[in-house]
Protein chains: 2
Amino acid sequence: MISNKAKYAFRALLAVAAAPAGESLTSAEIARRHSIPHKFLEQILLDLKKAGILESRRGKSGGYIMLRPADTVSFAEVLRLFDGPLAPLPCLSRQSYRPCEDCISEAQCEIRREFARAHEASRRILEARTIADALNGRPFEAIPAERSRAAS
Amino acid sequence: MISNKAKYAFRALLAVAAAPAGESLTSAEIARRHSIPHKFLEQILLDLKKAGILESRRGKSGGYIMLRPADTVSFAEVLRLFDGPLAPLPCLSRQSYRPCEDCISEAQCEIRREFARAHEASRRILEARTIADALNGRPFEAIPAERSRAAS
DNA sequence: TGAAAACCTACTAGCTTGATAGAGATAATA
DNA sequence: TATTATCTCTATCAAGCTAGTAGGTTTTCA
């Protein structure tokens, strides 16, 4: 299960990305429209800003706006930001690899082998799909097949 | 990330399933061989027994043995048993469905739509792969395509 | 100067994880 | 029958995490 924090982050991002170009949205407005605790949302928006995804304007008539275009922000990136590694095992994480304690041999670990498949399947989708895709409902079939397995 | 408990459960199950037919394994032996805290493992084995996956014999020369054949025990089942629903959102869980609070329309929820794809991909693999598959290294390609989408 | 907004830091209740502890029940065997 | 090895059950606990709440500071606009 993803955390509430991540869920709120997605809602907020979708809201900001859906706003007319150049128009900013205040945290209070987002909170009201999506029933998110306001102060909690503020922290989340701040994280999104620190991550370089959102831009903010302070003061009266301030608010939030996309910094990076919505089609460059993947679900995987946002989820990682709030919930940590996507991988089901530390030894399967690319971004924050860590061997399991007491692991004798990664190559021979059946658990790793099985979860690697499952993880790879969902990882590819979360990595490929962006906030923009979600907004305009681009169908799943349009995801280009990932050829480069080398980096895995 | 899956819990330590689930990881231990997989290790233990693989060990019991790998034992020669009819031969039982004691919790102490499994704990020793896989560096799992003994008393903690006992709880886990008990859960596996209550779930009808393992069988136990008490007393001297007791131990654990598979109750159900290893090729009927899926990774999904074991993971659910210890870590709860596989679904990233409550509204995506088949076994323990629950709407998100404050959800206005499931059909129109972009977050649900995106995560549904990712979840379905890994769910199918975890559901299809069994302890027996993991043990004899049956290649992933051999998984039969799931045709019935109706139950989704 | 006042209002509205983002920004920052601290705190907290309740839950979950990953165990540890100790006693009881049962079965083989000496 | 006593011993011993094993599973079984229940309670407890420290540490960390989740989902916030709280209260102030800074910035900007009118």
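We name chains A, B, ... by the order of the sequence lines, and we start the count at 1 in each one.
Look at NZ on A:Lys60: it is 8 Å from C1' on C:dG2, rounded to the nearest Å. Following rounding to the nearest Å, B:Met1 (CE) and C:dG18 (P) show an atom-to-atom distance of 12 Å. Atoms CG (B:Leu41) and C1' (C:dA19) sit 12 Å apart, rounded to a whole Å.
Think of the region where chain A sits on DNA chain D: with heavy atoms and a 4.0 Å cut, that region ends 5' and 3' at D:dA19 to D:dC29.
Against DNA chain C, the stretch residues 4-21 of chain B makes heavy-atom approaches under 4.0 Å through B:Asn4, B:Lys5, B:Tyr8.
Legend: salt bridge (charged side-chain N to carboxylate O under 4.0 Å, His left out) pairs involving residues 51-80 of chain A, not counting sequence neighbours, sorted by first then second residue: A:Arg68-A:Glu77, A:Arg80-A:Glu127. Residue pairs that meet the salt bridge (charged side-chain N to carboxylate O under 4.0 Å, His left out) test with at least one member in residues 34-43 of chain A, sequence neighbours left out, are A:Lys39-A:Glu42.
Counting only heavy atoms from C-beta outward, the side chains of A:Cys100 and B:Lys7 approach each other to under 4.5 Å. Proximity of A:Phe75 to A:Ile131: side-chain heavy atoms (C-beta onward) are separated by under 4.5 Å at one or more points.
Scored by the salt bridge (charged side-chain N to carboxylate O under 4.0 Å, His left out) test, A:Arg33 finds A:Glu29 as partners (sequence neighbours excluded).
Side chains of A:Ser122 and B:His119: a donor-acceptor N/O pair is absent below 3.5 angstrom, by distance only.
Ion pairing between a basic and an acidic side chain is recognised when a charged N comes within 4.0 Å of a carboxylate O; B:Arg117 and B:Glu120 show no such pairing.
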Would you give a per-nucleotide map of nucleotides 6-16 of chain C, 5' to 3', where B means the base has a protein non-hydrogen atom under 4.0 Å away, S means only the sugar-phosphate does, and - means neither? BBB-B------
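In this structure a side-chain-to-backbone donor-acceptor pair under 3.5 Å is present from B:Asp83 to B:Ser3.
Ring geometry for A:Phe10 against B:Phe115 counts as perpendicular: the plane angle is over 60°, on a 0 to 90° scale with 30° as the lower cut.
If you look at B:Tyr8 and B:Phe82, their ring centroids are not closer than 6.0 Å.
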